[in-house]
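Notes follow once the structure below has been shown.
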There are 2 protein chains.
Amino acid sequence: MGTIYDLAKITGFSITTVSKALNNYSDVSEKTKAKIVQAAADMGYLPNAHAQSLSTKRSWTIGVMFSEANEVGMMHPFFNAIIESFRKATEQQGYDLIFASRNLRNRDMSYLEHFQHRAVDGIVVICSDQMDKHVQQLIQSSIPIVVVDMDSTDCSVVFSDNLSGGTLAVNHLYELGHRLIAHIAGDMTIDAGLARIEGYKQAMDRLALPIPDGYLINGGFFSVEEGKQAMQTLLALPKRPTAVFVAGDQMAIGAMEAIHEAGLRVPQDISVVGYDDIEMSKYVTPKLTTVRQDTEQIGQHAANLLIEQIVNKRRVMTTDIIPVDLIVRQSTGPVTP
Amino acid sequence: MGTIYDLAKITGFSITTVSKALNNYSDVSEKTKAKIVQAAADMGYLPNAHAQSLSTKRSWTIGVMFSEANEVGMMHPFFNAIIESFRKATEQQGYDLIFASRNLRNRDMSYLEHFQHRAVDGIVVICSDQMDKHVQQLIQSSIPIVVVDMDSTDCSVVFSDNLSGGTLAVNHLYELGHRLIAHIAGDMTIDAGLARIEGYKQAMDRLALPIPDGYLINGGFFSVEEGKQAMQTLLALPKRPTAVFVAGDQMAIGAMEAIHEAGLRVPQDISVVGYDDIEMSKYVTPKLTTVRQDTEQIGQHAANLLIEQIVNKRRVMTTDIIPVDLIVRQSTGPVTP
DNA sequence: AAATTTATCGAAAGCGCTTTCGGTGAAATG
DNA sequence: CATTTCACCGAAAGCGCTTTCGATAAATTT
């Protein structure tokens with residue numbers, strides 16, 4: 001591999017000139033530049049990123065933080081898809097992602113500390129809840145940051161148009177003739193869940209549909225199991241809904257399971273529409289009607305928002321709302337009399 | 001944040017002593033160590049990782065490589081689960097993961113070059129095929145490495161006992177009375193797929209079951225779509241199988257879809273057993289019988305194997321085979337006469 | 001021919017940290 | 001009391017790179 005010192009020795013130039021040649025400075029002649037570049041190629045020279053970072057105070061790394069609240073890590077298909085898209089976008093610009101945790105060689109430390117230690121150029125936080133102390137700390141810091149799927153005016157954020165999403169779902173069900181529409185919501189601590197609730201409420205209100213007691217139920221943290229439980233509660237209601245809008249696909253899948261286990265059919269007895277459009281949605285039985293979040297866009301926008309802050313060396317607080325689509329499949333159907 | 005120079009100024013000691021105090025050297029008195037540590041805490045001092053790496057030639061980072069062959073990236077639930085488990089294990093030891101790609105600030109470079117540039121302490125490669133030039137290059141290099149889900153004698157590897165897996169599946173079907181057992185295989189370039197084929201063949205042989213023409217079919221790169229297509233081919237066979245062992249859950253889900261679309265039922269008409277036990281397996285209809293791979297173990301073992309090489313500064317070539325389990329659910333049933 | 005630009009290069013300092021090695025004064029030993 | 005040991009500390013070099021600033025020689029201008 002070798003260093004610029006080796007290169008200097010070989011070519012007979014100073015390390016200064018070598019460095020300049022490698023970095024395309026204008027005050028080095030084409031001829032010597034060619035020589036040096038050639039020598040570098042010959043010996044398979046690669047600059048040491050740490051030395052570069054130390055010297056330039058730019059590490060070309062982006063720290064990514066997952067909340068540990070809901071123990072999903074990077075396993076959740078939705079967040080996972082976002083990260084993948086984010087990664088592609090940032091990679092193209094030359095950034096590497098580093099996944100940091102709260103522990104560093106036995107020392108317990110905050111995410112911020114970890115990121116400071118690693119001297120990342122920027123931070124992306126995925127899958128978090130507003131209240132998380134660590135997230136707040138990150139937002140308060142001076143490191144460029146973008147947070148996904150959360151609402152805040154203190155930093156750049158990008159999330160889906162969850163309000164419209166809720167409305168889309170309810171309207172779809174309404175058009176199919178449903179009037180008894182329940183909502184299995186995400187936990188209230190999650191902005192996205194909250195907005196979907198709001199969308200649901202607004203839509204119901206606009207359609208002049210009452211929300212019976214118990215029709216708005218907390219499904220927790222979007223897991224299949226919690227969705228199933230919530231649905232069971234719903235099924236036990238005196239006046240059972242004919243349709244249910246579920247704030248996440250995994251929960252929706254759980255809900256469908258509960259329905260099936262109760263001896264009912266989807267969509268003949270109960271229609272269900274999910275949220276996210278994770279890959280599996282189109283493979284469960286029946287195929288899930290759902291509100292699609294554009295993970296591709298979300299990831300890209302987040303990347304752009306972050307990189308812009310990094311290169312311009314100033315924090316900006318943009319709120320980027322990505323539109324959603326309703327994907328109609330087979331878990332919703334006309335209400336049966 | 002500050003540096004050790006600041007700390008030196010504040011406490012009145014030299015940077016040498018500061019550094020030693022922070023690193024628990026024995027030749028600094030308890031009293032001054034206490035002072036320095038206190039001052040460090042007060043100012044929120046954090047060591048700069050790049051400076052440390054530069055000086056110690058240890059970066060406490062591990063590079064992870066995904067093959068780009070089958071465009072799944074980190075989206076595939078199986079590899080994803082492995083990485084997650086790997087991450088937890090390495091984090092605990094103080095390592096951060098860095099996801100590198102083949103491009104670095106416009107320059108096109110190999111994975112090896114990228115990792116050398118970043119000066120990672122070790123490399124884990126996930127989701128690859130034997131033939132990949134980049135993987136080979138990594139294996140040839142002198143950086144500690146472990147590769148997952150691939151067989152090789154040139155480096156440490158960890159993968160599931162795919163041979164037993166294939167056998168397990170076939171025997172299970174046999175016990176249910178099936179004699180016409182087909183296999184939707186993964187592409188032959190993938191070691192794991194190859195081993196499962198071998199397991200299938202051996203089991204069939206041991207049971208004295210012939211493998212009719214067309215019963216062993218290539219399902220490509222484990223996608224739902226490819227599984228579906230393979231199953232359609234199988235269904236078009238003159239003598240249709242009563243059971244099929246599929247080399248991956250996603251393919252199996254596709255296969256079930258094909259079966260359903262053909263107006264047949266699982267398992268009454270055709271039994272199917274998958275491979276992997278991805279999370280969705282227990283939520284599709286019918287719930288998928290499958291060979292479970294222990295992603296938790298795989299990730300941990302990979303982490304241990306890698307870290308051992310890093311700390312002992314010598315490459316070792318261990319082959320670590322992780323046992324698999326058959327998870328019987330509802331996609332398999334007794335053959336119907 | 002003298003004065004001024006211009007092109008090309010290198011010395012040196014600095015980024016923040018580790019580590020070797022030598023130097024103190026105090027305590028222990030004879 | 002002289003000598004050896006020990007505990008504690010710091011100077012300095014080094015890790016590999018960037019960047020400022022000055023130096024030199026060649027080219028240009030007057």
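Not measured: the values here are computed from a predicted model. Residue numbers start from 1 in every chain, and the chains themselves are labelled A, B, ... in the order their sequence lines are given, proteins ahead of strands.
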Using a 4.0 Å heavy-atom cut-off, does Asn48(A) contact any base of the nucleic acid, only the sugar-phosphate backbone, or nothing at all? sugar-phosphate
Round to a whole Å and report the spacing from CG of Asp27(B) to C1' of dC6(D). 12 Å
Ionic contact status for Glu91(A) with Lys88(A), cut-off 4.0 Å: no
5' priority, DNA chain D, between Thr16(B) and Leu54(B) [closest heavy atom]: Thr16(B)
Ser55(B) side chain near dT18(C) phosphate (N/O to OP1/OP2, under 4.0 Å): no
Return the value, rounded to whole Å, for the distance between atom CZ of Arg58(A) and atom P of dG14(C). 24 Å
Between Thr17(B) and dC8(D), is there a side-chain N or O to OP1/OP2 distance below 4.0 Å? no
With sugar-phosphate meaning primed atoms plus P, OP1 and OP2, does Ser53(B) contact a base, only sugar-phosphate, or nothing at under 4.0 Å between heavy atoms? nothing
Closest-nucleotide 5' rank along DNA chain C - winner of Gly12(A) and Leu22(B): Gly12(A)
Any side-chain N or O of Tyr5(B) below 4.0 angstrom from OP1/OP2 of dG16(C)? no
Whichever of Lys20(B) and Lys57(A) has the more 5' nearest nucleotide on DNA chain C, that residue is Lys57(A)
Give the rounded distance in Å between these two atoms: NZ of Lys35(B) and C1' of dC9(D). 13 Å
Given Met65(B), which partner from the list Leu112(B), Val124(B), Ile126(B), Asp132(B) fulfils the side-chain contact (heavy atoms from CB on, under 4.5 Å) test? Asp132(B)
Just distance, no hydrogens or angles: give the donor-acceptor pairs under 3.5 Å from side chains in residues 21-31 of chain A, sequence neighbours left out.
from     : atom 1 : to       : atom 2 : distance (Å)
Asn23(A) : ND2    : Ser19(A) : O      : 2.8
Asn24(A) : OD1    : Lys33(A) : NZ     : 3.1
Asp27(A) : OD2    : Lys20(A) : NZ     : 3.0
Ser29(A) : OG     : Thr32(A) : N      : 3.3

Using the side-chain contact (heavy atoms from CB on, under 4.5 Å) rule, pick out the option among Leu97(B), Asp96(B), Val146(B) that qualifies with Ile62(B). Leu97(B)
Any idea which heavy atoms bring His134(A) and Tyr111(A) closest together, and the distance? ND1-N, 3.6 Å
Touch check for Leu7(B), heavy atoms < 4.0 angstrom, all strands: base, sugar-phosphate only, or nothing? nothing
Whole-Å distance between dA13(D) C1' and Ile15(B) CD1? 11 Å
Ala51(B) side-chain proximity, nearest of dC9(C), dC9(D), dC17(C): dC17(C)
Taking only N and O in the side chain of Gln52(A), is any of them less than 4.0 Å away from OP1 or OP2 of dT18(D)? yes
Pick base, sugar-phosphate or nothing for Ser19(B), based on heavy-atom distances below 4.0 Å to the nucleic acid. base
Taking NE2 from His50(A) and P from dG14(C), how many angstroms apart are they, rounded to a whole number? 24 Å
At under 4.0 Å, does any side-chain N or O of Asn23(A) touch on OP1 or OP2 of dT18(D)? yes
Here the distance between atom P of dC17(C) and atom NE2 of His117(A), to the nearest Å, is 10 Å
Between the main-chain N or O of Phe86(B) and the side-chain N or O of Thr90(B), is there a donor-acceptor pair closer than 3.5 Å? yes
Is the phosphate of dA7(D), meaning OP1 or OP2, less than 4.0 Å from a side-chain N or O of Tyr25(B)? no
Could you tell me the separation between the CD1 atom of Ile4(B) and the C1' atom of dC15(C), rounded to a whole number of Å? 12 Å
Compare side-chain N and O positions of Ser29(A) against OP1 and OP2 of dC9(C) and report whether any pair is under 4.0 Å apart. yes
What integer distance in Å separates Trp60(B):CH2 from dC17(C):C1'? 16 Å
Under 4.0 angstrom, heavy atoms only, what part of the nucleic acid is Thr3(B) near: base, sugar-phosphate, or nothing? sugar-phosphate
